[in-house]
Q: 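Would you mind keeping the following structure in view while I ask a few things?
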Amino acid sequence: MSIAPYIKEIGRGKEGARSLTQEQAYDLMSQVLDGRVTDLEIGAFAIAMRIKGETTQELAGFLEAVQERCTPLRPAQPIVVLPSYNGARKLPNLTALLALLLAQEGVPVLVHGPLHDPGRVTTAEIFHDLGLPIANDGSDVPHAWARHEPVFIATEVLCPPLARLLDARWVIGLRNPGHTVAKLLDPTRGAAALRVCNYTHPEYGVALAAFLQHVGASAMLLRGTEGEPVADPRRLPKLDVFMRGVPRPDLSLTAQDGVLTELPVLPRAFDASTTALYIQSVVSGEKPAPQPLVLQAQCLRRALEHWSETSVTEMTA
């Protein structure tokens with residue numbers, strides 16, 4: 001089977017392109033992930049979608065296809081999922097610090113993303129330098145949680161066909177819908193995960209908010225730091241919490257306004273080893289944690305507590 005009919009619809013240019021239904025998007029992505037299309041078709045799909053942009057229905061279909069092919073996880077309690085796909089270019093990558101702040105409070109944390117990026121410092125590299133667990137398969141994950149440690153799982157382990165689609169970037173030179181979907185993954189399939197979803201441009205924030213409501217997700221949405229799911233250590237961004245797709249202003253936090261009067265002490269370099277040493281000094285209490293990350297961790301814990309209380313109430317009703 002060919003995806004040419006779909007490419008014909010989405011590839012008519014920014015003004016002439018037609019959007020796919022959720023079912024069509026699911027079928028298209030299923031064929032791509034299962035290797036039933038040519039490399040030329042994958043390139044055409046990637047470029048066409050990059051020009052057109054994804055709709056809520058298309059994202060839902062793409063995500064459904066990807067999650068069906070993920071290593072399934074069945075945690076015993078609600079977890080926080082941190083998708084880490086951008087890494088650091090100018091600032092220290094503090095996704096691992098957020099994961100540790102949560103784990104210190106007994107929250108199971110799953111971080112997923114690439115192991116390496118030729119132009120950035122990945123969270124996987126920082127996990128390695130911190131001596132934190134990197135899962136070889138799904139069975140390693142609960143063992144890390146039992147030790148109250150956050151765990152990193154590479155995309156190629158979590159979902160090999162998605163990793164292959166993401167790697168098309170190094171040939172084409174452009175990101176594709178796989179990169180958007182990767183940041184929305186829930187390996188528990190809605191059973192027990194609070195996703196932290198981040199965006200870099202305001203218009204994507206609006207689109208992702210609509211998507212989270214459409215699929216009924218429990219998630220935190222924020223403008224991330226260099227594309228990572230962590231608050232800017234210098235100034236708290238707006239943290240929007242959704243519970244089963246419903247916006248919850250009572251569980252969310254507003255952005256910090258006004259002139260900054262104090263900046264956190266951050267490492268001058270952002271390589272993996274320097275960042276790991278800084279994170280270790282914060283976790284040990286030698287240095288204070290940046291307040292925006294503390295507030296983000298607290299916000300996530302409150303959301304999880306509310307979710308757990310609501311689930312128990314529903315089960316006993």
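Worth saying up front: this structure is predicted, and the values here are computed from it rather than measured. If you read the sequence from its start, that first residue is 1, and numbering goes on from there.
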Q: Tell me whether the count of non-hydrogen atoms from other residues, nucleotides or ligands lying under 6.0 Å of OH in Tyr199 goes above 12.
A: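 Counting other residues, nucleotides and ligands, OH of Tyr199 exceeds 12 neighbours.
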Q: Is there a path of hydrophobic side-chain contacts, each under 4.5 Å between heavy atoms of I, L, V, M, F, W or Y residues, that connects Leu101 with Leu266?
A: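 Yes, Leu101 connects to Leu266 through the hydrophobic network.
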Q: Can you tell me if Thr122 uses its side chain to pair, donor with acceptor, with the backbone of Leu115 under 3.5 Å?
A: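 Yes; at least one donor-acceptor contact below 3.5 Å.
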Q: Whether the Glu68 and Tyr26 side chains hold a donor-acceptor pair (N or O, under 3.5 Å, no angle test) is what I'd like checked.
A: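 Checked: Glu68/Tyr26 side chains pair up, N/O donor to acceptor below 3.5 Å.
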Q: Can a donor-acceptor pair be found between the side chains of Thr155 and Tyr85 at a distance below 3.5 Å?
A: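 Judged by distance alone, the side chains do pair up.
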Q: Of the options Thr188, Val157, Leu185, which is the one that meets Cys70 in a side-chain contact (heavy atoms from CB on, under 4.5 Å)?
A: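 Going through the options one by one, the only one that passes is Leu185.
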Q: Between atom CZ of Arg195 and atom CG of Leu82, what is the distance when rounded to the nearest 0.5 Å?
A: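 The distance works out to 13.0 Å.
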Q: Looking only at heavy atoms, which two atoms of Leu91 and Glu226 are closest? And how far apart?
A: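 Closest heavy-atom pair between Leu91 and Glu226: N-OE1, 3.4 Å.
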Q: How close do Leu236 and Leu295 get, heavy atom to heavy atom, and via which atoms?
A: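 Residues Leu236 and Leu295, closest heavy atoms: CD2-CD1, 3.9 Å.
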Q: Has the side chain of Asp232 got a donor or acceptor atom that lies under 3.5 Å from a matching backbone atom of Thr225?
A: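 Judged by distance alone, no pair lies under 3.5 Å.
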Q: Residues sharing Leu174's hydrophobic cluster, by side-chain heavy-atom contacts under 4.5 Å among ILVMFWY, directly or via others?
A: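 In the cluster with Leu174 are Ile47, Ile51, Ile172.
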Q: Do Pro202 and Arg223 come within less than 4.5 Å of each other through their side chains, counting heavy atoms only?
A: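 The answer is yes; the side chains approach within 4.5 Å.
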Q: Could you go through the side chain to side chain contact (heavy atoms under 4.5 Å, CB included) check for Leu184 and Val66 one step at a time?
A: CA-CA 10 Å; Leu184 299 171; Val66 171; over 6 Å; no
Q: Quick one, Leu165 with Met29, criterion side chain to side chain contact (heavy atoms under 4.5 Å, CB included). Give me CA distance, side-chain angles, the key distance, then yes/no.
A: CA-CA 10 Å; Leu165 178 58; Met29 183 61 77; 3.8 Å; yes
Q: Search all heavy atoms of Asp186 against all heavy atoms of Gln67 and return the closest pair with its distance.
A: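 Smallest heavy-atom distance, with atoms named: N-OE1, 2.7 Å.
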Q: Give the intermediate values and the outcome of side chain to side chain contact (heavy atoms under 4.5 Å, CB included) for residues Val241 and His306.
A: CA-CA 11 Å; Val241 174; His306 176 83; over 6 Å; no
Q: Check whether more than 12 heavy atoms from other residues, nucleotides or ligands sit under 6.0 Å from atom CZ of Arg147, and answer yes or no.
A: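 It does: Arg147 CZ has more than 12 such atoms within range.
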Q: Give the minimum heavy-atom separation between Phe45 and Ile7, together with the two atoms involved.
A: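 Of all heavy-atom pairs spanning Phe45 and Ile7, the closest is N-CD1, 4.2 Å.
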Q: What I'd like to find out is whether the side chain of Leu100 reaches to under 4.5 Å of the side chain of Leu132, using heavy atoms alone.
A: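 SC-SC contact between Leu100 and Leu132 confirmed.
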Q: Heavy atoms, side chains only, cut-off 4.5 Å: are Pro247 and Gln213 in contact?
A: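 When only atoms from C-beta onward are counted, Gln213 and Pro247 do touch, with a gap below 4.5 Å.
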Q: Applying the 4.5 Å side-chain criterion to the ILVMFWY set and letting contacts propagate, would Leu73 and Val215 be lumped into a single cluster?
A: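 Linked within one cluster.
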Q: Under a 4.5 Å cut-off applied to non-hydrogen side-chain atoms, are Leu20 and Tyr6 in contact?
A: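 When only atoms from C-beta onward are counted, Tyr6 and Leu20 do touch, with a gap below 4.5 Å.
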Q: What is the distance from atom NZ of Lys238 to atom CG of Leu222, rounded to the nearest 0.5 Å?
A: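 Separation between the atoms: 11.5 Å.
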Q: Roughly how far, to the nearest 0.5 Å, is the NE2 atom of His112 from the OG1 atom of Thr71?
A: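 Reported to 0.5 Å precision, the distance equals 12.0 Å.
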Q: Is any side-chain heavy atom of Gln57 closer than 4.5 Å to one of His214?
A: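 Yes, side chains in contact.
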Q: Identify whether Val283 and Leu293 are in the same connected component of the hydrophobic contact network (ILVMFWY, side-chain heavy atoms under 4.5 Å).
A: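 In one cluster: yes.
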Q: Just to verify, which of Glu228, Lys183, His179 counts as forming a side-chain hydrogen bond (donor to acceptor under 3.5 Å, both in side chains) with Asn86?
A: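 Running side-chain hydrogen bond (donor to acceptor under 3.5 Å, both in side chains) over Glu228, Lys183, His179 with Asn86 returns exactly one hit, Lys183.
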Q: Quick one: are Asn176 and Arg50 in side-chain contact, heavy atoms under 4.5 Å?
A: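 No; the side chains remain at least 4.5 Å from each other.
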Q: Flag yes if Val294 and Val109 sit in one hydrophobic cluster, no otherwise; membership is Ile, Leu, Val, Met, Phe, Trp, Tyr, and two members link when side-chain heavy atoms are under 4.5 Å apart.
A: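 Shared cluster, no.
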Q: Can you find a pair of side-chain heavy atoms, one from Thr95 and one from Ile126, that are under 4.5 Å apart?
A: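 SC-SC contact between Thr95 and Ile126 ruled out.
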Q: When rounded to the nearest 0.5 angstrom, what distance separates CD1 in Ile279 from OG1 in Thr274?
A: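 Ile279 atom CD1 to Thr274 atom OG1 measures 11.0 Å (nearest 0.5 Å).
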Q: Hey, is the main chain of Lys8 close enough, under 3.5 Å, to the side chain of Arg12 for a donor-acceptor pair?
A: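 Indeed, once roles are kept as given, a pair shorter than 3.5 Å links the two residues.
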Q: Measure across Pro150 and Ala99 and return the closest heavy-atom pair with its distance rounded to 0.1 Å.
A: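 It is CB-CB, 3.7 Å.
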Q: Just checking, is any N or O donor in the side chain of Asn93 or Thr123 under 3.5 Å from an acceptor N or O on the other one?
A: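 Yes, because at least one side-chain N or O of Asn93 sits under 3.5 Å from a partner of the opposite role on Thr123.
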Q: When rounded to the nearest 0.5 angstrom, what distance separates CD1 in Ile3 from CD in Glu9?
A: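 Separation between the atoms: 13.0 Å.
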Q: Of all residues at least two apart in sequence or in a different chain, which pass the side chain to side chain donor-acceptor pair (under 3.5 Å) check with Thr55?
A: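 Side chain to side chain donor-acceptor pair (under 3.5 Å) check on Thr55 returns Glu58.
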Q: Are Glu41 and Gln31 close enough, and set up right, to give a side chain to side chain contact (heavy atoms under 4.5 Å, CB included), and what steps lead you there?
A: CA-CA 11 Å; Glu41 287 174 305; Gln31 292 188 55; over 6 Å; no
Q: Starting at CE of Met243, measure out to CG of Leu304 and round the result to the nearest 0.5 Å.
A: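 Nearest 0.5 Å value for the CE-CG distance: 7.5 Å.
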Q: Which heavy atom of Tyr278 sits nearest to which heavy atom of Pro288, and what is that distance?
A: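 So the two residues come closest at OH-O, 4.2 Å.
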Q: Can you find a pair of side-chain heavy atoms, one from Ser30 and one from Arg69, that are under 4.5 Å apart?
A: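 Side-chain contact under 4.5 Å: yes.
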Q: How about CG on Asp137, more than 12 heavy atoms from neighbouring residues, nucleotides or ligands closer than 6.0 Å, or not?
A: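 It does: Asp137 CG has more than 12 such atoms within range.
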